[in-house]
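See structure below.
Because only heavy atoms are used, hydrogens play no part in the values below, and waters and symmetry mates are left out as well, while side chains stay in. Counting begins at 1 with the first residue of the sequence.
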Amino acid sequence: MMRHWIFISLAFGFASPLLAADHTLLATPETVAWGYYSGMSKPALTVRSGDTVRMQTLSTCGSPELMMSRGVKREAIPLYTDAIYKEVKDKGPGGHILTGPVAIAEAEPGDVLEVQILAVDLDVDFACNGFALGKGFLPMEYPYSRSKIIPLDRQKMTAQFAPHIRIPLKPFFGSMGLAPAGGKIDSAPPFAHAGNMDNKELVAGSTLFIPVAVKGALFQAGDGHAAQGNGEVDITALETYLSGTFRFIVHKDRRLLWPRAETPEYYISMGFSKDLKEAAEHALRDMIEFLVVEKHMSRDDAYMLASVAVDLNITQLVDGNVGVHAMCPKKIFTAALSPKN
């Protein structure tokens, strides 16, 4: 794992932190933000650039009473769920229960926060999926609500969706983001702050880069998914409880308009908009910018390379702002990145 992160630091010209500390942030009524990102939020935890934080998060499956009515055994539901549902009064405008925010002391507006996703762990043996009246990508064809509980096998890393349907698990956080400048915004639509991206590529071993809009950056995470299809068409994935381990690094020498990501196999750019075409344009333009700046290509060659080697995928279609992510395979680059002047 450490070898992978050293590679990322060298590839982007970043310096690896020499000293770091480990922290844990449990999900409690005092450490969650229910349904919003906000630049006015008080940090639940403050760390330094280079530090690692283990964060506990809730699912979007609802209250303990709702889950039990759908067949989940009481002993299967993490106990910290009860206090959060009983004691948190500051809710909305969205529905996600996000852990945080975590402030990174060095972060200032205009910086870039690197979020290394070191681990993503399933905390329970079940997930839920459902659609609701008026929601999802085909609301007129499903004018009613339905939900189901799906058993998870954490040893085999599979979900038993139906008697003869088994889904491999690839857990990731549907929502990881920073505070916008100003007050509360809905946790549902992703945008430049990242947030509810629902990008299934952001599993353990990947790295997210987000532009910082407020002092401290104010990182939050939640909306745990055990697995998801691109599009997330009925509005939910395999929703579940996750704990994640993140390392935060502040970069003063970079500027981003949109979140970017990197996996061991791909460079990823992202775009979000109410319009799918516009979201695709944002993702494509940012990929071209990446190829010009980081790979030292001409804009013409970058545009052509995007056409012959980069995949534009629909991230999700159901969160107010739809998402598109562009994936450029690393293996096409046969020479090491040349140093910048």
Go through the structure and list residues passing ring-ring contact (aromatic ring centres under 6.0 Å, His included) with [X], not counting sequence neighbours.
| X | value |
| --- | --- |
| F173 | F246 |
| W258 | F191, H282 |
| Y142 | F131 |

Sequence neighbours left out, what pairs pass disulfide (SG to SG under 2.5 Å) with at least one residue falling in residues 214-316?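 For residues 214-316, and leaving out neighbouring residues, there are no disulfide (SG to SG under 2.5 Å) pairs at all.
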Restricting to disulfide bond (SG atoms under 2.5 Å apart), what partner residues turn up for C328, sequence neighbours left out? none
Give me the one residue out of V47, D22, T245 that meets side-chain contact (heavy atoms from CB on, under 4.5 Å) with V53.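 That would be V47; it is the only one of V47, D22, T245 passing the side-chain contact (heavy atoms from CB on, under 4.5 Å) with V53.
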Sequence neighbours excluded - salt bridge (charged side-chain N to carboxylate O under 4.0 Å, His left out) pairs with any residue from [range]:
| range | result |
| --- | --- |
| residues 213-226 | E108-K215 |
| residues 78-99 | R74-D82, D90-K184 |
| residues 37-49 | R48-E106 |
| residues 140-154 | D125-R154 |

Please check if any side-chain donor atom of S41 sits under 3.5 Å from a side-chain acceptor atom of Y36, or the reverse.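 Side-chain D/A pair, S41 to Y36: absent.
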Listed by chain and number, what are the side-chain hydrogen bond (donor to acceptor under 3.5 Å, both in side chains) partners of N199, not counting sequence neighbours?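 Checked N199 against side-chain hydrogen bond (donor to acceptor under 3.5 Å, both in side chains); zero matches.
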Under the side-chain hydrogen bond (donor to acceptor under 3.5 Å, both in side chains) test, residues paired with Q228 that sit two or more places apart: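 Q228 satisfies side-chain hydrogen bond (donor to acceptor under 3.5 Å, both in side chains) with H225 only.
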Kindly state each residue pair satisfying side chain to side chain donor-acceptor pair (under 3.5 Å) with at least one member in residues 313-324, sequence neighbours excluded.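 Of all non-adjacent pairs touching residues 313-324, those that pass side chain to side chain donor-acceptor pair (under 3.5 Å) are N196-D319, T315-H325.
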